[in-house]
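Here's the structure, in structure tokens; my notes come after.
Both backbone and side-chain heavy atoms feed into the values below; hydrogens, waters and symmetry mates do not. Just so it is clear, the model here is predicted, and its values are computed rather than measured.
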Amino acid sequence: TPSDTYDTIISYGGAQSNAMLSIACLCRLKGWTFHYYTKTLSSYLENTIKGNLEQALKQGMHLHEIEHEDFYEKTQELKTLHEKKSLLISQGGADEIAKEGVTELAKEINAWRKEVKIQRLNVVLPSGTGTTALYLNDALDKEIELYTSVLLGDDAYQLQQWKRLSDGAYPKILPRDKKRKFAKPYSEYLQIHQELEKQTGISFDLIYAPKTWMEMLDYFDEQAQILYIHTGGVSGNETMLQRYKHIESR
């Protein structure tokens, strides 16, 4: 997008959102103003701003806090704003404008599968809003099956999010072994995170990747050809590791 198309980007969501930091970096690059709305910060985060929030503020993001009980109403009001050079991006980047970029990713995967001569390929990635999985599923070759792990809510909630953006077909959802709260530290998450880093030399995020890897390893057999999509977010590991240390010290 040319830099003069917009002068202001508006978005909303969690205070340590990966999408928030990505948008902040884009706005800094383009010279755009970025306004971000989040629920009132906890006293701990207010006093020790770190992780994605710290980095986004350094990029020039304007932060607006909303009381928890007013958050849904106030963020819905943002959708009624229609300034000529302003763009509203829904929470987590759940927006139709994401389709173009995700389609380019699908083209790369399609070409790579043919290049390495894999007949049947399984693509796996985590879902927050599920937008990447949805648009990727639309653009992948028929020889490729896409699976995703649902991190927010249950399967019904995820389908509801997809129906808001598309009439289908929808990605396959990996079976979950048990219900877990989003962004809560679990010992098994830290364990698989450490094992993956040791075995692959790759650092994965501590919120989305562990659950997805656990479900993926349970679901597929050893013969399956799998391409895992690393969705970034490792900048948030700093604050997550602090939470794990806090739990261990209790």
Which pair of non-hydrogen atoms, one from Q119 and one from E143, has the smallest distance, and what is that distance? O-CB, 3.5 Å
Close side-chain approach of K58 to E54, heavy-atom, < 4.5 Å: yes
Under 4.5 Å between any side-chain heavy atoms of F34 and I23, yes or no? yes
Measure across S3 and W32 and return the closest heavy-atom pair with its distance rounded to 0.1 Å. O-NE1, 2.6 Å
Counting heavy atoms not belonging to D4, are there more than 12 under 6.0 Å from its CG? yes
Shortest non-hydrogen contact between T48 and Y44, atoms and distance: OG1-O, 2.7 Å
Output yes when a side-chain donor or acceptor of S90 lies under 3.5 Å from a complementary backbone atom of G93, and no otherwise. no
Charged N to carboxylate O below 4.0 Å: is that the case for K178 and E188? yes
When you compare the side chain of T5 with that of K85, does any pair of heavy atoms fall below 4.5 Å? no
Hydrophobic cluster identity match, I49 and Y36, side-chain contacts under 4.5 Å: yes
With no hydrogens and no angle check, is any side-chain donor or acceptor of S166 less than 3.5 Å from a backbone partner on K163? no
D155 bridged to R176 by N-O distance under 4.0 Å: yes
Would you say S17's side chain and G14's backbone share a donor-acceptor pair under 3.5 angstrom? no
Between atom OG1 of T40 and atom CD of E69, what is the distance when rounded to the nearest 0.5 Å? 7.5 Å
Could you state the interatomic distance from CG (L151) to CD1 (I207), rounded to the nearest 0.5 Å? 8.5 Å
Working for side chain to side chain donor-acceptor pair (under 3.5 Å), residues D205 and N237: CA-CA 6 Å; D205 79 278; N237 286 354; over 6 Å; no
Side chain to side chain, V124 and T212, heavy atoms closer than 4.5 Å: yes
To check you understand the geometry: which heavy-atom pair defines the closest contact between I89 and S11, and what is its length? O-OG, 2.8 Å
Using modelled atom types and a 3.5 Å cut-off, is there a donor and acceptor pairing between side-chain atoms of T148 and backbone atoms of L125? yes
Y208/F182 aromatic ring centres below 6.0 Å: yes
More than 12 non-hydrogen atoms from neighbouring residues, nucleotides or ligands closer than 6.0 Å to CD on Q76, yes or no? yes
Counting only N and O atoms by type, is there a donor-acceptor contact under 3.5 Å from the side chain of W213 to the main-chain atoms of I192? no
Decide whether V123 and W112 are clustered together by the hydrophobic rule: side chain heavy atoms of Ile, Leu, Val, Met, Phe, Trp, Tyr closer than 4.5 Å, transitively. yes
So K198 and Q194, side chain to side chain contact (heavy atoms under 4.5 Å, CB included) or not? Walk me through it. CA-CA 6 Å; K198 183 178 180 180; Q194 292 171 336; over 6 Å; no
For the side chain of W162 and the backbone of G168, is there at least one donor-acceptor N/O pair under 3.5 Å apart? no
N137 side chain near I144 side chain, heavy-atom distance below 4.5 Å: no
Between E145 and K172 (salt bridge meaning N to carboxylate O under 4.0 Å), is one present in this structure? yes
If hydrophobic clusters are built by linking Ile, Leu, Val, Met, Phe, Trp and Tyr wherever their side-chain heavy atoms come under 4.5 Å apart, do L26 and I10 end up in the same one? no
Go through L88 and D95 one step at a time and tell me if the side chain to side chain contact (heavy atoms under 4.5 Å, CB included) criterion holds. CA-CA 9 Å; L88 174 69; D95 204 296; over 6 Å; no
About how many Å separate CD of Q55 and CD of Q59, when rounded to the nearest 0.5 Å? 7.5 Å
Side chain to side chain donor-acceptor pair (under 3.5 Å) between Q191 and E195, worked out: CA-CA 6 Å; Q191 182 180 348; E195 289 175 358; 3.2 Å; yes
Say you draw a straight line from CD of E83 to CG of D7; how long is it, rounded to the nearest 0.5 Å? 9.0 Å
May I ask you to check if K39 and F71 form a cation-pi contact, with NZ or CZ under 6.0 angstrom from the six-membered ring centre and within 45° of the axis? yes
Group every Ile, Leu, Val, Met, Phe, Trp and Tyr by side-chain heavy-atom contacts under 4.5 Å, then state whether L152 and L165 land in the same group. no
Taking the ring of H193 and the ring of F204, is the distance between their centroids below 6.0 Å? no
Can you tell me how far CG of N52 sits from CE of M240, rounded to the nearest 0.5 angstrom? 11.5 Å
Is there a side-chain contact between L105 and L136 in this structure, where contact means two heavy atoms from C-beta onward sitting under 4.5 Å apart? yes
Does the side chain of S127 come within less than 4.5 Å of Q158's, by heavy atoms? yes
Between L196 and L174, is there shared hydrophobic-cluster membership here, with clusters defined by ILVMFWY side-chain heavy atoms closer than 4.5 Å? yes
Minimum heavy-atom separation for L45 and A15, please, with both atom names. CD2-CB, 3.9 Å
Side chain to side chain contact (heavy atoms under 4.5 Å, CB included) between L146 and N122, worked out: CA-CA 6 Å; L146 189 138; N122 300 290; over 6 Å; no
Could you give me the CA-CA distance, side-chain angles and deciding distance for I202 and E197, then say whether side chain to side chain contact (heavy atoms under 4.5 Å, CB included) is met? CA-CA 5 Å; I202 299 170; E197 192 162 35; over 6 Å; no
Indicate yes or no: at least one non-hydrogen side-chain atom of Y189 is less than 4.5 angstrom from one of K211. yes
Check: L53 main-chain N/O paired with Q16 side-chain donor or acceptor under 3.5 Å: yes
So does K107 pair up with E104, basic N to acidic O under 4.0 Å? yes
K114/D141 salt bridge by N-O under 4.0 Å criterion: yes
Hey, is the main chain of I66 close enough, under 3.5 Å, to the side chain of D70 for a donor-acceptor pair? no
Over 12 foreign heavy atoms within 6.0 Å of NZ, K99: no
When you measure from the side chain of T38 to the backbone N and O of G13, does any donor-acceptor pair fall under 3.5 Å? yes
Is it true that a side-chain atom of S149 and a backbone atom of P126 form a donor plus acceptor pair closer than 3.5 Å? no
Considering non-hydrogen atoms only, spot the tightest contact between P175 and Y219 and give its length. CD-CD1, 3.6 Å
What distance separates Y244 OH from Q242 CD, expressed to the nearest 0.5 Å? 13.5 Å
Do the rings of Y147 and F220 sit parallel, tilted or perpendicular, given the 30° and 60° boundaries? perpendicular
Between Q161 and T129, is the side chain to side chain donor-acceptor pair (under 3.5 Å) condition met? List the steps. CA-CA 7 Å; Q161 296 303 302; T129 63; over 6 Å; no
